[in-house]
There are 2 protein chains.
Amino acid sequence: MLLKVGELAKRCGLTVRTLHHYDRIGLLTPSARADNGYRLYGRSDIARLHQILALQRFGLSLAEIGACFAQPGTSLTTILTQQIAMLDQQITQASRLRAQLAGLQGSLLDGVEPELADWLTTLELMTMYDNYFSQDELARLPMLGNGEAAEAQWRALVGQVRGLMESGVAPEHEAPRQLAVQWMSMLVRDTGGDPRLVAKLNLMHEQEPALQTRIGISTALRDYVLRAFSESKMLIYEKYLSAEEARFMRAHYVQTALDWPPLLAEVRDAIDADVAPASPQGIALGRRWLALFQRYAGDSPATQLKFRTAMEQEPELLAGTWADDRMFAFIRQAMAAMMQQQS
Amino acid sequence: MLLKVGELAKRCGLTVRTLHHYDRIGLLTPSARADNGYRLYGRSDIARLHQILALQRFGLSLAEIGACFAQPGTSLTTILTQQIAMLDQQITQASRLRAQLAGLQGSLLDGVEPELADWLTTLELMTMYDNYFSQDELARLPMLGNGEAAEAQWRALVGQVRGLMESGVAPEHEAPRQLAVQWMSMLVRDTGGDPRLVAKLNLMHEQEPALQTRIGISTALRDYVLRAFSESKMLIYEKYLSAEEARFMRAHYVQTALDWPPLLAEVRDAIDADVAPASPQGIALGRRWLALFQRYAGDSPATQLKFRTAMEQEPELLAGTWADDRMFAFIRQAMAAMMQQQS
DNA sequence: CTTGACCCTGACCCAAGGTCAGGCCCTAAC
DNA sequence: GTTAGGGCCTGACCTTGGGTCAGGGTCAAG
């Protein structure tokens, strides 16, 4: 019962080349050779080949199959769980991509077929997002999924704000202020209240000029909104401050606005990772928080107290800020630990 | 706004080598070079890169992406449907494999952990099946899925038959006959009544000696069953035949038994493919059917009529045969067309 | 004796880059 | 001035699982 290579190949539905390959890499060496050099496969070789094919069908690479034979310590359950896990990952990944493509296809079916070139620029944006956000974060960015409704809302808002800015209306006026508050509220909503997402959005917006032109939000426009939004907050704080304190705040508040989201993001990460507020890492965050706060509140504890009072009295101050009670609690504890340490 | 290769790579989360590669294969050639030979990527290059990455994320190969750019005739919908179809296929395939592995794993959890070597021989059988059956057919082979119950049933039956055979009991005796009828009925059940599956099973069994030793069914055993089963049919036919006719039948019936399944399989294929019975292909099948029938029924129309009468009177004759009314109807029409043609 | 079907080895090929090697360019620090 | 480090260049070899020759030997049938 010795088979030549071609016979074995036919019987197993393989090519001769494949068997040559297995021979070369030492996975299946025929147990005999004829005098003329022909490979002769015996019964045990055939059995081994079947086993190889079985493991291959499981998705193992030839190298892994070789390892299985080399050390018989490997248990089948290990192999199975491993391969199943791999398949699961593969399946979820493919399904996610499929869902994305199907969504895209759905949005294509309604309207006119656009030019490929137009779509490519849209896709350009998609990869940009991919670049800054993990798959997980993308799924949590409601902005993208909401599609139509949210997008129209944003387009309208951006248009209004740009109208005001281009007409020369100062951002401190009431109309820009109201739009800015709406802007931030929508942003909070569309980031699911997660400061990490908004920090990354800001980063992306800053680093991708192409994005700015595409969605129509230049850095100038963003600064305009930022100033208007800051003004809306400062108008409230002012009621609690002396003229001198208000002057200081007005000189520095706007510049700190963009620094908050990254810090909030880090605090949120720390909370999610169960970092203790009193730990060195927690205290470092508290220190940075305090520094940022002092940049517009100043060094005087009395003034700082006024800000805190304002914040407690006026819940409106928290609107559009991505800060919540959990984060405040964390920072309070971190600062307490900080004081303790210093004294 | 010209970026060096390292800068672009960092911004897009790629490696320098990847950009070199894209340059070499002409997918993304930087629009400028510095005096020192450095690649300089402009704004349009960046846009193109983003588009490349988007299409790549869809699962297109670099060659396909290049083709997209080369001829702008390709529509996005085409690409999307194509990729979705590919993903679907990928997903179903992975899911099917996963289900198989999970099933295997489940059957492992109950019992003791067997040796890897033992399992490999089991896997050997699995690939053997793979070799003879398509994935689709495997799923339709209830034999494999039923596992425990059916397998135990088969083991018991095989054991009983072997016991009789080894004790020297002639297959024509009543005990073997009854077991043979049971055998064929189970086979019909476990092939879902599909003659194509049983034809392939027979083929596999004949060509794989390893399989025979593994499941304990030698060709001798199979012939024993076949003879017993034939006997059970012939006893019925005999009641309708003269002594001479019966002698002819007894001399030839058993030898035709193994030729029926392949023919039935082809007829079934023809029906599924909507082949007309009166077409040349249908008539050819009718001719082969008739030839097979005449091998044990003889040439005399009168004798043949007796067989047909028997078949109509004794529904038991159809048990364990994979033939059904649809197939008889097809063959009847084919033969009618055949007669018409000859006259 | 030829022809066709097998067999052998050796070699190059694919996709999508990874990983050096050898050498040039530029900047900053000494 | 020079030297160290980092970035850039090209070229070349490596990966998986074989496909696809090329050049030459072997065997059986006609």
Side-chain angles (χ1 to χ4, degrees), chain A residues 2-42 45 48-49 51-69 83 86 90 93 97 127 130, chain B residues 2-42 45 48-49 51-69 83 86 90 93 97 127 130:
Chain A
L2 291 175
L3 296 178
K4 283 187 290 182
V5 69
E7 294 162 347
L8 180 57
K10 199 186 302 176
R11 270 195 37 166
C12 294
L14 302 173
T15 69
V16 171
R17 173 64 171 110
T18 300
L19 291 173
H20 281 177
H21 187 58
Y22 291 177
D23 189 1
R24 169 139 339 181
I25 66 174
L27 188 58
L28 179 69
T29 309
S31 44
R33 288 271 186 155
D35 293 339
N36 52 18
Y38 287 14
R39 290 172 178 80
L40 294 178
Y41 293 87
D45 297 327
R48 182 169 170 129
L49 178 55
Q51 295 170 2
I52 289 170
L53 295 180
L55 290 174
Q56 187 178 233
R57 223 174 45 96
F58 285 2
L60 275 76
S61 70
L62 297 186
E64 290 166 329
I65 294 172
C68 276
F69 288 121
Q83 294 309 112
M86 208 197 60
Q90 209 176 312
Q93 207 168 328
L97 180 51
T127 47
D130 267 17
Chain B
L2 291 175
L3 297 178
K4 283 187 291 183
V5 69
E7 295 163 346
L8 180 58
K10 200 185 304 177
R11 270 194 38 167
C12 295
L14 302 173
T15 70
V16 171
R17 175 74 231 273
T18 300
L19 292 173
H20 280 177
H21 187 59
Y22 291 176
D23 189 1
R24 171 139 337 179
I25 66 174
L27 188 58
L28 179 68
T29 308
S31 45
R33 289 272 186 153
D35 294 339
N36 52 18
Y38 287 14
R39 288 172 179 79
L40 294 178
Y41 293 88
D45 297 325
R48 182 169 169 130
L49 178 54
Q51 296 170 1
I52 289 170
L53 295 181
L55 290 175
Q56 186 178 236
R57 222 173 47 94
F58 285 3
L60 276 76
S61 70
L62 298 186
E64 290 166 328
I65 295 171
C68 277
F69 288 121
Q83 293 309 112
M86 208 196 59
Q90 210 176 314
Q93 206 169 326
L97 180 51
T127 48
D130 267 18

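Sequence lines set the chain letters: A, B, ... in the order given, protein chains first and strands last, and positions in each chain run from 1.
Counting to the nearest Å, the C1' atom of dT9(C) and the CZ atom of Arg33(A) are 10 Å from each other. Distance CD (Glu7(A)) to C1' (dA28(D)): 14 Å, rounded to an integer number of Å. Counting to the nearest Å, the P atom of dA16(C) and the CG atom of Leu60(B) are 10 Å from each other. Here the C1' atom of nucleotide dC7(C) and the OH atom of Tyr41(A) are 12 Å apart, to the nearest Å. Straight-line distance from the NZ atom of Lys4(B) to the C1' atom of dC26(C): 8 Å, rounded to whole Å. When rounded to the nearest whole Å, the span between CG of Leu27(A) and P of dG18(D) equals 10 Å. Atom CG of Asp23(B) is separated from atom P of dG17(C) by 15 Å (rounded to the nearest Å). In this structure, Glu64(B) places its CD atom 11 Å from P of dA15(C), rounding to the nearest Å.
Under the side chain to side chain contact (heavy atoms under 4.5 Å, CB included) criterion, Ser61(B) pairs with Ala63(B), Glu64(B), sequence neighbours left out. Under the side chain to side chain donor-acceptor pair (under 3.5 Å) criterion, Ser31(A) pairs with Asp45(A), not counting sequence neighbours. In this view, Leu2(A) and Leu40(A) satisfy the side chain to side chain contact (heavy atoms under 4.5 Å, CB included) rule, not counting sequence neighbours. When the side chain to side chain contact (heavy atoms under 4.5 Å, CB included) test is applied to Asp35(B), no partner is found at least two apart in sequence or on another chain. Listed by chain and number, the residues in a side chain to side chain contact (heavy atoms under 4.5 Å, CB included) with Gln56(A) are Tyr22(A), Leu53(A), Leu62(A), Ile65(A) (sequence neighbours excluded). Not counting sequence neighbours, Arg17(A) has no partner by the salt bridge (charged side-chain N to carboxylate O under 4.0 Å, His left out) test. Scanning for side chain to side chain donor-acceptor pair (under 3.5 Å) contacts around His21(B) gives an empty result, with sequence neighbours left out.
For dG17(C), the OP1/OP2 oxygens have no side-chain nitrogen or oxygen of Thr15(B) closer than 4.0 Å. Taking only side-chain nitrogens and oxygens, His20(B) comes nearer than 4.0 Å to OP1 or OP2 of dC9(D). Close to dC9(D), at under 4.0 Å from its OP1 or OP2, lies no side-chain N or O of Arg24(B). For the OP1/OP2 pair of dG17(D) and a distance below 4.0 Å, the side-chain nitrogens and oxygens of Thr18(A) include no atom meeting the criterion. Contact check, Gln56(B) against dG17(C): a side-chain N or O comes under 4.0 Å of OP1 or OP2. In this structure, Arg39(B) reaches the dC9(D) phosphate: one of its side-chain N or O atoms is under 4.0 Å from OP1 or OP2.
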Polar-atom pairs under 3.5 Å, protein N or O versus N or O of nucleotides 21-26 of chain D: list them with distances, or write none.
from, atom 1, to, atom 2, distance (Å)
dG25(D), N2, Tyr38(A), OH, 3.1

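With dC8(D), dG17(D), dG17(C) as the candidates, the nucleotide lying closest to the side chain of Tyr22(B) is dG17(C). When distances are taken from the side chain of His21(A) to each of dG17(D), dC9(D), dA16(C), the shortest belongs to dG17(D).
Here OG1 of Thr18(B) is found 11.5 Å from CG of Leu28(B). Values are rounded to the nearest 0.5 Å.
An end-to-end axis angle of 40° holds for the helix from dC1(C)-dG30(D) to dC30(C)-dG1(D), taken from five base pairs per end and rounded to 10°.
Panel note: side chain Glu7(B), backbone Lys4(B); a donor-acceptor pair is recorded below 3.5 Å.
Salt-bridge formation is not detected for the pair Asp23(B)/Arg48(B): no Lys NZ or Arg NE/NH1/NH2 atom is positioned less than 4.0 Å from an Asp or Glu carboxylate oxygen.
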